[in-house]
J.: 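Take this structure first; my questions come after.
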Amino acid sequence: MSVAVGRVTVAARTMERMTAKPARKVLLAAPRGYCAGVDRAVIAVEKALEQYGAPVYVRHEIVHNKYVVKTLEKKGAIFVDETAEVPEGNIVIFSAHGVAPVVHEEAKRGKLATIDATCPLVTKVHKEAVRFAKEDYDILLIGHEGHEEVIGTSGEAPEHIQLVDGPEDVANVEVRDPDKVVWLSQTTLSVDETMETVDALKGRFPNLLSPPSDDICYATQNRQTAVKQMGAEADLVIVVGSKNSSNSVRLVEVALGAGARDAHLVDYAEEIDESWLEGVSTVGVTSGASVPEILVQGVLEWLAQRGFEDVEVVTAAEESITFSLPKELRRDLRAEAAQAAGTAGE
Ligand code: 0CM
Ligand code: SF4
């Protein structure tokens with residue numbers, strides 16, 4: 001009797017296995033989302049609104065994320081394309097992507113108070129550009145044409161800098177002295193594609209000098225490493241990020257390059273197309289450096305409702321870097337704290 005029951009149980013289990021859908025799981029990349037430069041820039045706008053009151057003007061999207069921009073707009077931030085749009089006497093915040101010196105001059109002429117939320121790692125590249133221009137190098141700036149960061153960096157030394165937009169652009173480069181050339185880059189590029197561009201440049205200029213340290217920032221690199229680790233195992237990779245976010249777009253490319261069958265960029269869970277899940281058992285999830293975690297949680301909930309409840313974290317690196325707030329803001333916050341302490345002591 002017991003043997004028969006055992007046989008029935010085994011047979012039932014076998015049937016179950018034959019008809020069961022493949023196990024569904026999510027690989028969740030770490031690190032993902034906010035980097036130190038984005039965190040600092042977003043907090044700078046929030047603190048400025050608290051400190052000075054609305055409206056506070058921001059030149060360009062503070063970071064390239066729709067949700068962040070909408071949320072700050074609701075709190076009283078006004079985003080403008082150009083400094084000239086800011087009424088005289090107001091405060092303008094410069095975005096994390098950096099601005100050319102000419103923009104600082106425009107703000108001065110417009111009698112605007114400025115808060116510079118440029119990421120310190122972008123400022124580092126600006127300083128490299130200034131230094132190599134002073135030493136009279138031809139600077140080959142690897143980056144994407146029209147991107148805000150590239151416009152800002154190029155503006156530091158327009159007569160010395162030329163843009164190289166990927167390996168296919170290398171043939172167009174012309175320099176004054178092939179032995180006095182250095183390459184720099186945008187901070188949010190694909191590491192592998194940039195190395196391809198550098199190799200092609202070295203083919204043309206064997207004495208090409210490299211930047212003193214990595215221009216592609218730690219956050220961009222870590223997010224790409226994590227997505228590479230999950231890419232080979234994932235049938236589908238969902239990257240949360242906005243279309244104008246260079247580092248987010250790169251994550252889709254890196255996922256596909258690492259072997260993911262399919263990869264998409266979405267701002268919100270609602271943009272995910274049900275058809276993407278056909279035949280999919282493993283979904284990779286990550287987010288760009290300008291993406292708040294709440295949006296990733298929205299995607300995880302959406303997936304859980306469709307049977308993807310099992311979440312495994314794929315950790316490529318630990319991040320602990322933080323940046324202090326822009327100096328203009330720290331100064332005003334300190335002054336206010338001192339005044340409050342003085343008043344309390346009276
Ligand atoms: O440069 P990118 O388009 O990736 O900008 P982002 O705002 O999405 O990410 C943060 C930064 C910088 C600089
Ligand atoms: Fe700075 Fe890198 Fe973040 Fe850009 S992605 S804000 S360079 S840390």
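Only a predicted model underlies this, so the values are computations on that prediction, with no experimental measurement involved. When a ligand or atom number is given, it counts from 1 through the structure's own listing order.
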J.: Taking the six-membered ring for Trp, are Phe94 and His60 ring centroids under 6.0 Å apart?
T.: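 Aromatic pair excluded; centres sit 6.0 Å or further apart.
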J.: Could you check whether any side-chain heavy atom of Ser245 comes within less than 4.5 Å of a side-chain heavy atom of Asn65, counting everything from C-beta outward?
T.: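 No, side chains not in contact.
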J.: Report yes if the side chains of Gln297 and Glu293 come closer than 4.5 Å at any heavy-atom pair, otherwise no.
T.: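 The answer is yes; the side chains approach within 4.5 Å.
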J.: Could you tell me the residue and atom name of the protein heavy atom closest to atom 12 (C) of ligand 1, and the distance to it rounded to 0.1 Å?
T.: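 Its nearest protein heavy-atom neighbour is His97 CD2, 3.7 Å.
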J.: How does Asn244 reach ligand 1, if at all, at less than 4.0 Å between non-hydrogen atoms: by side chain, backbone, both, or neither?
T.: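 The answer is the backbone of Asn244.
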J.: Identify the heavy atoms of Ala96 and Gly37 that sit nearest to each other, and give their distance.
T.: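 Answer, listing the atom of Ala96 first, then Gly37: CB-O, 4.5 Å.
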J.: Just which atoms of ligand 1 are under 4.0 Å from any heavy atom in Val63?
T.: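 Checking each atom against Val63, I get 7 (O).
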J.: Taking distance alone, with N or O pairs closer than 3.5 Å, would you say His64 contacts ligand 1?
T.: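 Right, the criterion is met.
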J.: With Glu278, which residues qualify under salt bridge (Lys or Arg N to Asp or Glu O under 4.0 Å), at least two apart?
T.: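 For Glu278, no residue satisfies salt bridge (Lys or Arg N to Asp or Glu O under 4.0 Å) once neighbours in sequence are set aside.
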J.: For ligand 1, which part of Cys119 has a heavy atom less than 4.0 Å away: the side chain, the backbone, both, or neither?
T.: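 For Cys119, no heavy atom sits under 4.0 Å from ligand 1.
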J.: Parallel, tilted or perpendicular for His64 and His147, by the 30°/60° rule?
T.: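 It falls in the perpendicular class, over 60°.
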J.: When you look for heavy atoms under 4.0 Å from ligand 1, do you find them on the side chain of Glu149, its backbone, both, or neither?
T.: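 Near ligand 1, Glu149 shows its side chain, while the N, CA, C and O stay back.
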J.: Contact between Leu27 and Gln229 at the side-chain level, heavy atoms closer than 4.5 Å - yes or no?
T.: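 Contact flag for Leu27/Gln229 side chains = no.
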J.: Hey, does Pro120 have a side-chain heavy atom less than 4.5 Å from the side chain of Arg40?
T.: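 Yes - at least one pair of side-chain heavy atoms lies under 4.5 Å apart.
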J.: Hey, are the side chains of Tyr218 and Thr187 touching, using non-hydrogen atoms and a 4.5 Å cut-off?
T.: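 No - every pair of side-chain heavy atoms lies 4.5 Å or more apart.
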J.: Kindly identify the option in Val38, Val249, Val125 whose heavy atom sits closest to atom 10 (C) of ligand 1.
T.: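 Of the listed residues, Val38 has the closest heavy atom.
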J.: What do you reckon, does His147 put a non-hydrogen atom under 4.0 Å from ligand 1?
T.: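 For ligand 1, residue contact (heavy atoms, under 4.0 Å) with His147 is present.
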J.: Hey, does Ser245 come in under 3.5 Å of ligand 1, counting only N/O atoms on both sides?
T.: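 Yes; the residue has a nitrogen or oxygen that sits under 3.5 Å from a nitrogen or oxygen of the ligand.
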J.: Flag the pair Val150 / Leu141 as yes when at least one side-chain heavy-atom distance between them is below 4.5 Å, and no otherwise.
T.: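 The answer is yes, as the side chains (C-beta and beyond) meet within the 4.5 Å cut-off.
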J.: Please compare Ala219, Ser246, Gly152 and report which has the shortest non-hydrogen distance to atom 2 (P) of ligand 1.
T.: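 When every heavy atom of Ala219, Ser246, Gly152 is considered, Ser246 comes closest to atom 2 (P) of ligand 1.
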J.: Before you tell me yes or no, could you show the steps for Asp273 and Ser275 under side-chain hydrogen bond (donor to acceptor under 3.5 Å, both in side chains), namely the whole-Å CA-CA distance, both residues' side-chain angles and the distance that decides it to 0.1 Å?
T.: CA-CA 5 Å; Asp273 194 322; Ser275 70; 3.0 Å; yes
J.: Verify the distance criterion only: is there a donor paired with an acceptor across the side chains of Ser213 and Lys124 at less than 3.5 Å?
T.: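 Side-chain D/A pair, Ser213 to Lys124: present.
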J.: To which protein heavy atom is atom 9 (O) of ligand 1 closest, and what is the distance rounded to 0.1 Å?
T.: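 Nearest protein contact, heavy atoms only, for atom 9 (O) of ligand 1 is Asn247 ND2, 3.1 Å.
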J.: Find all atoms of ligand 1 within a distance of less than 4.0 Å from any non-hydrogen atom belonging to Thr188, and give their numbers and elements.
T.: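 Near Thr188, meaning under 4.0 Å from one of its heavy atoms, ligand 1 has 1 (O), 2 (P), 4 (O).
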J.: Near atom 2 (Fe) of ligand 2, which protein N/O/S atoms are found at less than 2.8 Å?
T.: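 Listed by chain and number, the nearby protein N, O or S atoms are Cys217 SG.
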J.: Run the numbers for me: atoms of ligand 1, each under 4.0 Å from some heavy atom of Ser290, listed by number.
T.: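 With Ser290 as reference, the close atoms of ligand 1 come out as 6 (P), 7 (O), 8 (O), 9 (O).
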